[in-house]
Amino acid sequence: MKLSVIGCGYLGAVHAAAMASIGHEVVGIDVDQRKIDALSKGEAPFFEPGLTDLLDAGTKGGGLRFTSDIAEARGSRVHFIGVGTPQQKDSYAADLTYVYAAVDALVPHLTPGDVVAGKSTVPVGTAAELSTRIASTGATLVWNPEFLREGWAVKDTLEPDRLVVGVPEGEAGAAAVAVLREVYAPAIANGSPFLVTDLATAELVKVSANAFLATKISFINAMAEIAEVTGADVSKLAEAIGYDERIGRQFLKAGIGFGGGCLPKDIRAFSARAEELGRGESVAFLRQVDEINLRRRERAVQLVVDGLGGSVFEKKVTVLGAAFKPHSDDIRDSPALDVAVRLHGLGANVTVTDPAAIENARRIHPQLTYVEDRDEAIRDADALVLVTEWDEYRRQLPPEHASSLTDGRVVVDGRNGLDAAAWRAAGWAYYGMGRP
Ligand code: UDX
C-alpha cells in the first residue's frame with residue numbers, strides 16, 4: 001500500500017522504515033532537510049538498534065524514500081502523523097503546533113477515501129478538532145497511538161503488543177478500520193491484538209498507559225524513600241512484591257527515576273488537559289508522581305556529597321551515562337544529565353561519559369567535560385556515579401578494574417545496577433538508591 005509518514009523523528013522514521021520492510025511503498029516527510037538527507041542515504045539521524053539496516057534496505061530499492069516536500073504525500077492511501085508534541089515552554093500542556101501545522105499542510109493533498117492516522121501523543125479531544133480541519137477533503141481522521149520504547153522501537157513497531165485504532169462512527173470509520181487492518185496485516189497475523197475504539201478512547205489509551213508506567217516507577221521510588229529511613233532494601237522489596245502476578249516485576253526498578261521524551265511531558269500534559277476538562281482532581285496524583293521522580297535526582301546528588309565527606313567542591317566526579325536510558329542517545333529530560341549538571345552546579349569537576357549520547361549532551365550542556373573512553377573518564381576520579389545502566393558500566397566494569405584506574409573509592413549507584421557486595425569487597429564505599 002502507498003503510505004506517507006509525516007514527521008521523521010524517533011517515531012516517524014522508525015514507522016516509515018518498518019512499514020517499508022513489510023512491503024509497503026512509503027514516503028517519509030519532514031521539514032528538517034538535514035534529517036531528510038541523512039535518512040535518504042540510509043543513515044539513522046539518532047541511535048536506534050536495527051534502524052540503519054531497515055533504512056538501508058528500504059532506501060536501496062525497498063520502497064522507502066524521504067522528502068521535505070509535503071506534496072509528495074499525494075496518492076498515499078494512509079497518511080501517518082508522527083510529529084512531536086513537546087511540553088509548552090510556559091506551561092505543562094502539550095504544544096500542538098507541529099500537529100496542526102502538519103495536518104494543515106497535508107489538507108491540499110488529500111483525496112476522498114484517504115485515511116489520516118494520528119500517531120503522535122496528544123491531549124484527548126485533539127483528534128475531534130483535526131477531523132473538522134480535514135472534513136472538506138473527504139478523507140477520514142483516525143487515531144492510532146504508538147507505544148514504542150526507544151531502544152526497542154523497531155521490534156515494538158513490527159511486533160506490537162497491541163494495535164489500537166480510534167475511528168469515527170459510521171461507514172467512513174469502518175472503511176478506515178479495513179485499511180489499517182491491511183496495513184498491519186503481518187503483525188495481526190502474528191497475534192498482535194487489534195482494538196477498535198472511538199477517537200477519545202484511543203487518545204486516552206496512550207496517555208493513561210504512560211501515566212500508569214510513570215506511577216509504577218514513582219511508586220517504587222517512594223518505597224525507596226521509606227527504605228532509606230528504615231534500613232530496608234528496595235531492590236529485594238521489588239523482587240518480592242513482583243512475584244505477585246497482579247503487580248509484576250517490570251517497571252519496579254528504583255533509582256534516579258524516569259526521563260525521556262515521553263513519560264515526563266506526557267504526565268504533565270495529561271494533568272493540564274484534565275484541569276481543562278474540570279477533572280484535575282482525578283489525576284492530581286500525577287503531580288506527586290512527578291515530584292517523587294524529581295526528588296530522586298536530588299537524592300543521588302546528596303549521596304555523592306555525603307560520600308565525599310560533605311562537599312563535592314573541586315572534586316573529580318565521573319558520571320557514567322548521559323542518555324535517559326541505555327540503548328538510546330536521547331537526552332531529553334534525562335535524569336542522568338540532570339544529576340551531572342547539579343553536581344557541576346555544586347562546584348564538582350564533572351566528567352561525563354556515555355557510549356552514545358555525548359554529542360547530544362555536549363550541545364545542550366557544553367559546561368561539562370566529556371570523555372568518550374570509559375576508562376579515561378574514570379581515571380583519577382574521586383567518585384563514580386552510575387546514572388544510565390549501560391552494560392559497559394553495569395556488567396562490564398569489575399570493581400577491581402575501576403580500582404586500578406583511580407584511588408577514589410566512592411561509588412553512587414543511581415540505578416541500583418551494580419553488585420554492591422562485590423564493590424564493597426573491593427574496598428569501595430557503595431551507595432545505592434533505597435538500599436542500605
Ligand atoms: C515510554 C513507554 O515505555 C513507551 O510505551 C511509550 O511509547 C513512550 O514512553 P521510553 O520513553 O522509550 O518509552 O522509555 P522507557 O523504557 O519506558 O523508560 C522510561 C524511563 O523510565 C527511563 O528513564 C528509564 O530509565 C526509567 N525507568 C524505567 C525506571 O526508572 N525504572 C523502571 O523500572 C523502568
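Note that ligands are numbered from 1 as they come in the structure, with each ligand's atoms numbered from 1 the same way.
Distances below 4.0 Å separate heavy atoms of Leu252 from the following atoms of ligand 1: 33 (O). The atoms of ligand 1 that sit less than 4.0 Å from any heavy atom of Leu148 are 4 (C), 6 (C), 7 (O), 8 (C). The distance from ligand 1 to the heavy atoms of Cys262 drops below 4.0 Å at these ligand atoms: 8 (C), 9 (O). Near Glu150, the atoms of ligand 1 lying under 4.0 angstrom from a non-hydrogen atom of the residue are 12 (O). The distance from ligand 1 to the heavy atoms of Gly259 drops below 4.0 Å at these ligand atoms: 20 (C), 23 (O). For ligand 1 and Glu146, the ligand atoms under 4.0 Å from any heavy atom of the residue are 7 (O).
More than 12 heavy atoms of other residues, nucleotides or ligands shown are found within 6.0 angstrom of CD on Glu276. A 6.0 Å sphere centred on CD of Glu245 holds no more than 12 heavy atoms belonging to other residues, nucleotides or ligands. For CZ of Phe194, the number of neighbouring non-hydrogen atoms (other residues, nucleotides, ligands) closer than 6.0 Å is greater than 12.
Remark: Arg77 does not engage Asp114 in a salt bridge, criterion side-chain N to carboxylate O under 4.0 Å. Note on Glu389 versus Arg394: no salt bridge recorded, every NZ/NE/NH1/NH2 to OD/OE distance being 4.0 Å or above. Between Lys316 and Asp382 no salt bridge is recorded (no basic side-chain N to carboxylate O distance below 4.0 Å).
Side chain of Lys206 to main chain of Thr121: no donor-acceptor pair is present (N/O by atom type, distance under 3.5 Å, no hydrogens or angles).
Side chains of Thr201 and Leu204 form no contact here, defined as non-hydrogen atoms less than 4.5 Å apart. Side-chain contact between Lys35 and Glu43: absent, with no pair of heavy atoms (C-beta onward) separated by less than 4.5 Å. Considering only heavy atoms from C-beta on, Met1 comes within 4.5 Å of Val179 through its side chain.
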(message) If you apply the rule salt bridge (Lys or Arg N to Asp or Glu O under 4.0 Å), what do you find for Asp290 with Arg268, and how did you get there?
(response) CA-CA 8 Å; Asp290 205 354; Arg268 291 173 192 157; 2.7 Å; yes

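Relative to atom 24 (C) of ligand 1, the option among Gln250, Lys325, Arg149 with the closest non-hydrogen atom is Lys325.
Note on ligand 1: Gly255 sits outside its first shell, no heavy atom being nearer than 4.0 Å. Residue contact annotation: Gly260 has no non-hydrogen atom under 4.0 Å from ligand 1. Note on ligand 1: Lys216 sits outside its first shell, no heavy atom being nearer than 4.0 Å. Residue Lys206 places a heavy atom under 4.0 Å from ligand 1.
Ranking protein heavy atoms by distance to atom 33 (O) of ligand 1, first place goes to Lys253 N, 2.8 Å. Nearest protein heavy-atom neighbour of atom 21 (O) of ligand 1: Phe258 CB, 3.2 Å. Arg415 NH1, 3.2 Å is the protein heavy atom nearest to atom 25 (O) of ligand 1. If you check which protein heavy atom lies closest to atom 5 (O) of ligand 1, you get Phe147 O, 2.9 Å. At the top of the distance list for atom 17 (O) of ligand 1, counting protein heavy atoms only, stands Phe251 CZ, 3.2 Å. Of all protein heavy atoms, the one closest to atom 27 (N) of ligand 1 is Ile217 CD1, 3.5 Å. Taking atom 19 (C) of ligand 1 as the reference point, the nearest protein heavy-atom neighbour is Leu263 CD1, 3.7 Å. The protein heavy atom nearest to atom 2 (C) of ligand 1 is Asn210 OD1, 3.7 Å.
Note that Arg162 lies in the cation-pi zone of Phe147, set by a 6.0 Å cut-off to the ring centre and a 45° limit from the axis.
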